[in-house]
2 protein chains.
Amino acid sequence: MARTKDPAVRTLLIERAAQMLRAREPVTLRAVVAGTGVSTMAVYTYFGGMDGLWRAMRQEGFSRLAAQLATVPLSADPVRDLAALGSAYLANAVANPDLYRVMFDAGFDLEDPAAADESLHTLVRAAERAKERGRFRADVDPLTLATQSWAIGHGLASLVTTGPLPRAALGHGAPILTALYVSCGDDPSSCRRSVESGWRLA
Amino acid sequence: MARTKDPAVRTLLIERAAQMLRAREPVTLRAVVAGTGVSTMAVYTYFGGMDGLWRAMRQEGFSRLAAQLATVPLSADPVRDLAALGSAYLANAVANPDLYRVMFDAGFDLEDPAAADESLHTLVRAAERAKERGRFRADVDPLTLATQSWAIGHGLASLVTTGPLPRAALGHGAPILTALYVSCGDDPSSCRRSVESGWRLA
DNA sequence: AACTATACATAGCAGTGCTATACATAGGCC
DNA sequence: GGCCTATGTATAGCACTGCTATGTATAGTT
């Protein structure tokens, strides 16, 4: 038929754009393709335009988040795991602050929404296990709890990556999550132990 | 000396830009001045450029937030007041979703940072009163608690205004705040009553 | 009333994302 | 193997962006 697309060019452009984003350089069409040797048209054949490149970068952000969450080893203590996942969430945000900010721009449209759903579902499963082991009351909805945990993590991550709060404010995550899990029925002292144990991981 | 600036033009441009933002129209220099009768140069004399106009819009967002928080009537129940302030925070975010999103862009630089500080301080004072009345333990730091409440509110507001969570998710605020205030020493059942009472206000 | 400093309108600048067109090249077909 | 076609690529140019230089009118000072 014809020349086939080279997948390497795709990742090359994404990485270069992410690098420029981190370096605080303006991510512009011509600037992105400048060092790569390819022409401006490549952005259109691979991404359909700059919007598509930004979408791909959001996707990359969610992929890195999923990878970071995947590094959390599941233990016999599901509350510890919940805290560890929250800690990993914040660790990913501070490791890629610019990417994290981009992730939640432009209406949250992704190429593959499943990647984001999967990350949330990791939290849901941990909450389910906490219920099964009797740490949380039976009337606790795992999805609700996961969403609440997400909101807490995102609030801290967003305020830290966008500037108003210093990085040390991320430490607020542990006491808030502890309070939340205690409200789900977990024993206060063992909850504190579990959360602080999981929080240290990342 | 010369012609003096007309303050009305300033507010006119801000309101028109905010209106275009709400209408999802691209907020561009020429588009903003189009309907006003003034020329593009007005944006430079009044704001120093588009960046200045965006900064002014962020300032407008914080002003509206402060106004919304000011409508909360202080009561004899400081925990109720804390919940009411949180509820008002979220109400402002959903009433001006686009403005809220802009508020936390571009590194949080404002013309008058005191406006933002003042809003946070309203929360701090409520936390202090809760300590004085014995609802919270003596070792609770009001600023810490206010910051934590802010992070929770911002997490929910941000996830709702940017899309991933539906508006109904704002209801998660009440149970999370309840859990947080209980962890500060408040009695669980009276805390729930106070928070739900304050939450209804907005 | 004359002067001057300031706001304003116009026109034009470099830079943006995007697209139309021509060209090169890889793959299917006989 | 040699065409042929479909596809990726490069170039040039489009409308638009924010911004600035220039000239002019005007409000405030003296």
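Screening B:R129, B:R193, B:R135 for a side chain to side chain donor-acceptor pair (under 3.5 Å) with B:D77, the sole residue that qualifies is B:R135.
Distance from the side chain of A:V38 is smallest to D:dA10 among D:dT9, D:dT20, D:dA10. When each of C:dC18, C:dA7, D:dT9 is scored by its nearest atom to the side-chain atoms of A:L29, the top-ranked nucleotide is C:dC18.
Between the CZ atom of B:R55 and the P atom of D:dG18 there is a distance of 17 Å, rounded to whole Å. Atom OH in A:Y46 sits roughly 20 Å away from atom C1' in C:dG17 (whole-Å rounding). The CH2 atom of B:W54 sits 13 Å away from the P atom of D:dT17 (whole-angstrom rounding). As rounded to whole Å, 16 Å separates atom C1' of D:dC16 from atom CE of A:M50. Note: CZ (B:R10) to P (C:dA7) measures 13 Å, nearest angstrom. One atom, CG of A:L13, and another, C1' of D:dT9, lie 13 Å apart when rounded to the nearest Å.
Counting non-hydrogen atoms under 4.0 angstrom, A:T45 reaches a base of the nucleic acid. Within 4.0 Å of A:T28, counting heavy atoms only, lie sugar-phosphate atoms of the nucleic acid but no base atom. Residue-level contact check: A:V33 touches neither bases nor backbone, having no heavy atom under 4.0 Å from any strand.
Under 3.5 Å, the side chains of A:Y89 and A:S119 contain no donor-acceptor pair of N or O atoms.
By the 30° and 60° cut-offs, the orientation of the rings of B:H154 relative to B:Y100 is tilted.
Of the residues near DNA chain D, B:M41 and A:T40, the one whose nearest nucleotide (by heavy atom distance) lies more toward the 5' end is A:T40.
Note that CG of B:D105 is 15.0 Å distant from CZ of B:R55, once rounded to the nearest 0.5 Å. Distance check: A:L12 CG to A:R10 CZ gives 12.0 Å after rounding to the nearest 0.5 Å.
At D:dC19, one or more side-chain N or O atoms of B:Y44 fall inside 4.0 Å of OP1 or OP2 (strictly under the cut-off).
Judged by distance alone with a 3.5 Å cut-off, a donor-acceptor contact links the side chain of B:R30 to the base of D:dG18.
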